[in-house]
Amino acid sequence: NIFEVAELTIDPLLLVGWALLCEPMAQEAMQTSLEVKGDADDYSNGCVSGGNINTFRYQFHEHLEIDAQTICNFLREIERRYNRDIPFHNSVHAADVAQTTHCLFQMMDQECLTSIFDPITIFSLILAATFHDVCHPGTSNLFQQNAQTSIAVKYENTSILENMHLAVGLSLLFGNEKRDEWSVFEGWADDDRARAEEIMKESILNTDMAHHFANLDHLESLIEQVHTMAKDITEEHGNNAEIGGPQPQPILSILAQISHQVKSGEGGGLAQIELEGKCNQLAGLLVGFILHGADISNPAKSGDLPIHWGSRVFDEFFEQGDKEKEMGLPISPLCDRGTVKLPESQVNFIKYVALPTYELLGSVIPRVKKEVVPNMSRTIEYWEGEKN
């Protein structure tokens, strides 16, 4: 519950980002602080088991040049640039998106995750989550466009806010605002640093809802193609197929198996090579889709969290509508507090946007289908009950 974290500290993004990006050092520090006993070998084995703790591990420190103090300095600077007075797009939301990104990775299970995505990809996506909405003004792209704000002009009415968020983060990491104290990628090879930058760029730009339905269709198409190609290889070669077997395989298993074969240098025929290409495309698209899914995950949460988040987002929408009235601008959809009905709007958003997103993610990550999608059904039931 990210709201409980926000009650413990005025810097929830710093705390969550530190825990995710600086593990296992962060967990070791927390264990020491809480006096939780655990075997030192548990850390090297990738799992902490002391005191009923059972923790998924990235072990970034074994693969990447990272410095916990530098990462924390960056997180402090990013959090400082989020507006605490904005109801929804603030650092609590950023912390929640970072945590949800982690949860989606975790649901893939460690072996599958590390087969499909390397440490640079995982680290870069979680880092991108921390600044994906930095400096958000509390108004939408449509507002920027109608008001012809300076950033609308600068980015030519294209993914206005997303380009701005990205520019702020990249300026701090690589550009004219870069400082030694928050130079997260110091010591990285040029190629690795460039790849991390590209992952962050593509994933943040893909959080623009303008791309939602096209990306949904593209991902669904790739999933179907990978399933079909894997099935064809299995039918052609029987149980001796390198990626096949008597039963259809989950997409996650196909991606992990293909990735393992590529890394181990195992050969294959033309069909196998074509499948490898499609799997690479699917894995690449999935990276950005995970961050986008985390960004619209409010209805997927358990308990009362979807209600709290739903109220916050509409508080922000209605404040925008009030501002548009004052400025004589067209009132944006969902922003007129006099006509918009919160329950109906929430039901429509979940049914037509959030639920299809998580059903598609669930077709790739089985635990999402089993554990997350049912939460959305319960959230729909709640808002349906609130219509009267």
Side-chain angles (χ1 to χ4, degrees), residues 13 17 74 78 81-82 86 88-91 93-98 100-102 104-105 117 120-145 149-178 184-185 192-222 280-298 313 332 353-354 356-358 360-361:
L13 181 58
F74 174 76
I78 283 293
R81 297 184 184 219
Y82 277 96
I86 291 175
F88 182 81
H89 288 103
N90 51 42
S91 67
H93 167 68
D96 184 63
V97 172
T100 304
T101 299
H102 160 69
L104 291 172
F105 279 150
F117 299 128
I120 293 175
T121 301
I122 300 167
F123 180 89
S124 300
L125 196 67
I126 295 174
L127 187 65
T130 67
F131 66 89
H132 82 281
D133 271 333
V134 67
C135 294
H136 200 291
T139 50
S140 67
N141 279 336
L142 184 56
F143 175 91
Q144 310 303 320
Q145 184 174 337
T149 61
S150 59
I151 57 173
V153 173
K154 180 177 182 179
Y155 297 114
E156 300 180 334
N157 296 327
T158 303
S159 297
I160 302 165
L161 292 174
E162 292 75 21
N163 270 301
M164 183 268 288
H165 306 317
L166 179 66
V168 172
L170 296 187
S171 177
L172 289 168
L173 290 168
F174 307 112
N176 59 10
E177 293 188 277
K178 178 183 173 183
V184 172
F185 294 95
D192 292 342
R193 188 163 51 242
R195 195 157 73 83
E197 182 176 355
E198 187 63 23
I199 290 166
M200 292 185 290
K201 177 182 178 180
E202 290 186 3
S203 61
I204 289 176
L205 291 180
N206 273 326
T207 62
D208 184 353
M209 283 299 301
H211 305 310
H212 172 81
F213 293 104
N215 285 339
L216 201 71
D217 289 344
H218 190 190
L219 184 63
E220 185 173 20
S221 174
L222 282 174
N280 287 336
Q281 289 181 46
L282 177 54
L285 185 60
L286 189 59
V287 173
F289 203 77
I290 285 173
L291 182 60
H292 174 56
D295 195 26
I296 61 171
S297 67
N298 302 333
V313 74
S332 299
V353 178
T357 298
Y358 274 82
L360 193 57
L361 280 172

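Since this is a predicted model, take the numbers as computed values, not measurements.
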Rounded distance (nearest 0.5 Å) linking atom [atom1] of [X] with atom [atom2] of [Y]:
| X | Y | atom1 | atom2 | result |
| --- | --- | --- | --- | --- |
| Leu127 | Thr130 | CG | OG1 | 4.5 Å |
| His218 | Leu282 | NE2 | CG | 9.0 Å |
| Leu216 | His292 | CG | NE2 | 7.5 Å |
| Tyr358 | Leu104 | OH | CG | 5.0 Å |
| Leu361 | Phe289 | CG | CZ | 5.0 Å |
| Lys201 | Ser124 | NZ | OG | 14.5 Å |

Beyond-backbone contact of [X] with [Y], side-chain heavy atoms, under 4.5 angstrom:
| X | Y | result |
| --- | --- | --- |
| Phe131 | Val168 | no |
| Phe117 | Ile199 | no |
| Val353 | Met209 | yes |

Taking all heavy atoms of [X] and all of [Y], pick out the closest pair and write down the distance.
| X | Y | answer |
| --- | --- | --- |
| Phe74 | Leu172 | CE1-CB, 3.9 Å |
| Asn176 | Ser171 | OD1-OG, 2.9 Å |
| Val97 | Ala294 | O-CB, 3.7 Å |
| Ser91 | Leu13 | O-CB, 3.9 Å |

### Query
Do the two ring centres, one from His132 and one from His93, sit under 6.0 Å apart?
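Under 6.0 Å, so yes.
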### Test applied, side-chain hydrogen bond (donor to acceptor under 3.5 Å, both in side chains); reference residue, Asn215; option that passes from Thr357, Asn206, Asp208
Asn206
### Message
Whether the side chain of Ser221 engages the backbone of Asp217 through a donor-acceptor N/O pair (distance < 3.5 Å, no angle test) should be reported.
### Response
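Not a single qualifying donor-acceptor pair exists.
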With a cut-off of 3.5 Å and sequence neighbours excluded, list every side-chain donor-acceptor pair involving residues 134-142.
from, atom 1, to, atom 2, distance (Å)
His136, ND1, Gly138, N, 2.9
Thr139, OG1, Gln144, NE2, 2.6
Ser140, OG, Leu142, N, 3.4
Ser140, OG, Phe143, N, 3.3
Ser140, OG, Gln320, NE2, 3.1
Asn141, OD1, Leu161, N, 2.8
Asn141, ND2, Glu162, OE1, 3.0

With sequence neighbours excluded, what pairs up with [X] under the side chain to side chain donor-acceptor pair (under 3.5 Å) test?
| X | value |
| --- | --- |
| Ser297 | Lys301 |
| Asn280 | none |
| Asn163 | none |
| Asp192 | none |

### Task
For Val287 and Glu202, run side-chain contact (heavy atoms from CB on, under 4.5 Å): C-alpha distance rounded to whole Å, both residues' side-chain angles, the deciding distance at 0.1 Å, then the answer.
CA-CA 9 Å; Val287 173; Glu202 290 186 3; over 6 Å; no
### Query
Sequence neighbours excluded, which residues qualify as ring-ring contact (aromatic ring centres under 6.0 Å, His included) partners of Phe185?
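Phe185 satisfies ring-ring contact (aromatic ring centres under 6.0 Å, His included) with Phe174, Trp188 once adjacent residues are dropped.
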### Message
Restricting to salt bridge (Lys or Arg N to Asp or Glu O under 4.0 Å), what partner residues turn up for Asp133, sequence neighbours left out?
### Response
none
### Query
Under the salt bridge (Lys or Arg N to Asp or Glu O under 4.0 Å) test, which residues partner Glu177, sequence neighbours left out?
Arg81
Please identify each residue that fulfils side chain to side chain contact (heavy atoms under 4.5 Å, CB included) with [X], with sequence neighbours left out.
| X | value |
| --- | --- |
| Asn298 | Phe88, Asp96, Trp309 |
| Val153 | Gln148 |
| Ser203 | Leu125, Ala128, Leu291 |
| Ile86 | Asn83, His89, Glu316 |

